[in-house]
Chemist: 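So that we are looking at the same thing, I have put the structure below in structure tokens.
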Amino acid sequence: MNHWLVKSEPSEYSYDDLVKDGSTYWDGVRNYAARNNLKNMKVGDKVLFYHSVKEKAVVGISKVVKEHYQDPTTDDQRWVVVDLAAEKKLKKPVTLGEIKAEPSLSDIALVRQSRLSVMPLDAAAYNRIVDMSH
DNA sequence: GCCAACGTTGGC
DNA sequence: GCCAACGTTGGC
């Protein structure tokens, strides 16, 4: 199983929206690096859900329930979506500041490449972030 | 609201 | 195919 982190502006689509909807297709990715990450997601992979801009915190855990397929919001065949389902909201959001202050997380893409919207996490980084939410 | 980072576009 | 110009993202 792999681990990932996706970003969303909560004013566009928040983790609470995902909880309300149960699951959703993750659309709007228009960046090749992020798209390639979507294509590597497998059913059952865990995906941390990060709120950008205002909150700047990881707020919940979701999982992949359907692997990549053509983005239904465009005819452009370059772009794909995956289906994500809410799994568990974190008791306490883990903020970007906390992540940056954690030495073992200084190498993750969230910190190093702030504009990437879909990124892989290794299991250690994933578990560390989840631990920090307790 | 500013601006750095960085991806994309288009002229040559 | 290079690179300057431009647009967008997202942290501050």
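Any value given below was found using the heavy atoms of this structure, including those in side chains, with hydrogens, waters and symmetry copies removed. Order of the sequence lines sets the chain letters (A, B, ...), proteins ahead of strands, with each chain counted from 1.
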Chemist: Answer with base, sugar-phosphate or nothing: what part of the nucleic acid does Lys54(A) contact at a heavy-atom distance below 4.0 Å?
Modeler: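 The residue Lys54(A) makes no contact with any strand.
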Chemist: side-chain contact (heavy atoms from CB on, under 4.5 Å) for Val29(A) and Val81(A)? Distances and angles first, verdict last.
Modeler: CA-CA 8 Å; Val29(A) 169; Val81(A) 298; over 6 Å; no
Chemist: Return the residues of residues 101-112 of chain A meeting this criterion: a heavy atom under 4.0 Å from some atom of DNA chain C. Order them by number, or give none.
Modeler: none
Chemist: Tell me whether Arg112(A) is salt-bridged to Asp107(A), with the criterion being a basic N under 4.0 Å from an acidic carboxylate O.
Modeler: yes
Chemist: Using 30° and 60° as the class limits, which term best fits the ring planes of Phe49(A) and Trp26(A): parallel, tilted or perpendicular?
Modeler: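 Rings of Phe49(A) and Trp26(A): perpendicular, as their planes differ by over 60°.
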Chemist: Quick check for you: name the first and last nucleotides of DNA chain C, 5' to 3', having an atom under 4.0 Å from a heavy atom of chain A.
Modeler: dG7(C) to dC12(C)
Chemist: Can the ring centres of Tyr50(A) and Trp4(A) be said to be less than 6.0 Å apart?
Modeler: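 No, the ring centres sit 6.0 Å or more apart.
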Chemist: Please step through side-chain contact (heavy atoms from CB on, under 4.5 Å) for the pair Lys42(A) and Val82(A), ending with a clear verdict.
Modeler: CA-CA 9 Å; Lys42(A) 301 285 185 222; Val82(A) 297; over 6 Å; no
Chemist: Below 4.0 angstrom, N of the basic side chain to O of the carboxylate: do Arg30(A) and Asp71(A) qualify?
Modeler: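 A salt bridge is present here (some side-chain N lies under 4.0 Å from a carboxylate O).
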Chemist: Walk me through it: do Asp21(A) and Tyr13(A) pass the test side chain to side chain donor-acceptor pair (under 3.5 Å)?
Modeler: CA-CA 11 Å; Asp21(A) 293 345; Tyr13(A) 196 87; 2.7 Å; yes
Chemist: I'd like to know if Lys92(A) and Glu98(A) make a salt bridge, using a cut-off of under 4.0 Å between side-chain N and carboxylate O.
Modeler: yes
